[in-house]
Amino acid sequence: MELDDRKLKILQAIIQNYLETGEPVGSRTISKYTDLNLSSATIRNEMSDLEELGFIVQPHTSAGRIPSDKGYRLYVDMMLKSKEDELNELKVELNAKSQKLDTVLKEAARLIADSTNYASMITVPHYRCKKIKFIQLTQVDANTILCVVVLDGNVIKNMMVACDRELPKEDLLKLNLMMNTFLQGLDIQEINVSVMQKLRTEASGYSTLISDILDAVAKCLEGEELEAYTSGSTNIFKYPELNEAGTVSNLLYALEEKKALTDLMYKEGDNDRGIQVYIGEENPIEATKDCTLVTATYHMEDGVYGKIGILGPRRMDYEKVVGTLRNLMSDLDGIFKKEQ
């Protein structure tokens, strides 16, 4: 029998409340957890139907109800189907946006280099604080589980987790349910020992697997290597003071390798400080001691930002560089707001 919308909402409320409390759920409690505006008597009748259909059970006389395996199965199947549909839509949307974003950023780096005659760098947006939107676990084979983590800002991360045996479908469904119940809406600082211990306790028999999944989730939340685009590296050759063999090769390597420059641009405390100027010896990167690095921050949405850098000689045209950065920050802000 296919459940109507009312029964589905009541079943969902019973399962969610039971997962949170571990206690049997009564009709009065359900009346607070749904938007059906039904009386306790009507909810009791619906709960009786759900019990007769095998979706919930009454562990003790006069007690509330708890979900049966059949109830869990329906709830988790519906949840995973909904999440899978959402995930597929997100992947299509993000792929299109990612391609457009890459094009915009590469063109921005080229325009900066062309207009200033210096080298430029621009990073792909970075997420300052990432919270879990939902998690999906899928058994790929007997020894591997695919863990898909969707973060705020619709960032999708995939990690493979090893397991020592194939899980029964019911157990995998319950693990999905538990991971989302306990971790949804949390960031890495909020996944503390207490949360991890609750998960391990609830997942009796799978504590090692839970630990491995939590490690995978933590890696998704940790800072990833920053991608960046550069342009105008050959502009360095236009300035005699930078043309010494060692200086040129070190600068070109720094621009090619990118990590030291991106780490400097993202150093703690600089996220919202606007335009920064590092002149000569102020540069902590040895290869850029004879240069000036000017950086700025662009914003896409709350908590999502990227960095722009211009590298040139100490005698650079500071007024022009600062003006170029301000204009670009404004242009990018306009483009990204239009896209939202």
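The analysis underlying the following values was restricted to heavy atoms, covering all of them including side chains, and did not include hydrogens, waters or symmetry mates.
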Between [X] (side chain) and [Y] (backbone), is there a donor-acceptor pair under 3.5 Å?
X      : Y      : value
Tyr239 : Asn235 : no
Tyr229 : Glu107 : no
Lys133 : Val150 : no
Ser207 : Arg200 : no
Thr29  : Val25  : no
Thr42  : Leu38  : no
Lys307 : Leu264 : no
Asn176 : Leu137 : yes
Asn143 : Ala162 : no
Gln139 : Leu167 : yes

Of the non-hydrogen atoms in [X] and [Y], which two are nearest, and what is the gap between them?
X      : Y      : result
Ile66  : Pro24  : CG2-CA, 3.7 Å
Ser68  : Gly54  : OG-O, 2.5 Å
Ala296 : Ile275 : CB-CG1, 3.9 Å
Asp212 : Val161 : CB-CG1, 3.7 Å
Tyr118 : Met316 : OH-CA, 3.1 Å
Arg110 : Ser231 : CA-OG, 3.4 Å

Straight-line distance of [X] [atom1] to [Y] [atom2], nearest 0.5 Å:
X      : Y      : atom1 : atom2 : answer
Ile236 : Asn243 : CD1   : CG    : 9.5 Å
Asp141 : Met160 : CG    : CE    : 8.5 Å
Glu51  : Gln58  : CD    : CD    : 5.5 Å
Glu166 : Ile145 : CD    : CD1   : 9.5 Å
Glu202 : Met178 : CD    : CE    : 6.5 Å
Leu173 : Leu177 : CG    : CG    : 8.5 Å

Query raised in the report: Leu105, Leu111: one ILVMFWY side-chain cluster at the under-4.5 Å cut-off?
Result: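 No, Leu105 does not connect to Leu111 through the hydrophobic network.
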
Report task. Look at the side-chain heavy atoms of Ile, Leu, Val, Met, Phe, Trp and Tyr, link any pair under 4.5 Å apart, and say whether Met159 and Leu199 land in one connected group. Result -> no

Query raised in the report: Quick one: do Asp263 and Lys259 make a salt bridge, cutoff under 4.0 Å?
Result: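 A salt bridge is present here (some side-chain N lies under 4.0 Å from a carboxylate O).
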
Query raised in the report: Between Glu241 and Arg315, is the closest basic N to carboxylate O distance under 4.0 Å?
Result: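 Result for this pair is yes, salt bridge flagged.
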
Query - Check: Phe55 ring centre within less than 6.0 Å of Tyr75 ring centre - result: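 Aromatic pair excluded; centres sit 6.0 Å or further apart.
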
Table please: side-chain donor-acceptor pairs of residues 280-289 below 3.5 Å, with sequence neighbours left out.
residue	atom	partner	partner atom	Å
Glu282	OE1	Ile279	N	3.1
Asn283	ND2	Tyr278	O	3.4
Asn283	ND2	Gly280	O	3.2
Asn283	ND2	Thr288	O	2.9
Asn283	ND2	Cys291	O	2.9
Thr288	OG1	Ile285	O	3.0
Lys289	NZ	Asn283	O	2.6

Query - Which residues share a salt bridge (Lys or Arg N to Asp or Glu O under 4.0 Å) with Asp215, sequence neighbours left out - result: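 For Asp215 there are no salt bridge (Lys or Arg N to Asp or Glu O under 4.0 Å) partners, ignoring immediate neighbours.
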
**Report entry** Validation row: Met265, Thr123 side chains within 4.5 angstrom (heavy atoms)
**Finding:**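 Met265 reaches Thr123 side chain to side chain.
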
Requested in this report: Answer yes or no: are there more than 12 heavy-atom neighbours, outside Lys169 itself, under 6.0 Å from its atom NZ?
Outcome: no

Query raised in the report: Within a radius of less than 6.0 Å around OH of Tyr253, do more than 12 heavy atoms belonging to other residues, nucleotides or ligands occur?
Result: no

Query raised in the report: Stepwise, does the side chain to side chain donor-acceptor pair (under 3.5 Å) test hold for Asn45 with Ser48?
Result: CA-CA 5 Å; Asn45 290 334; Ser48 294; 5.3 Å; no

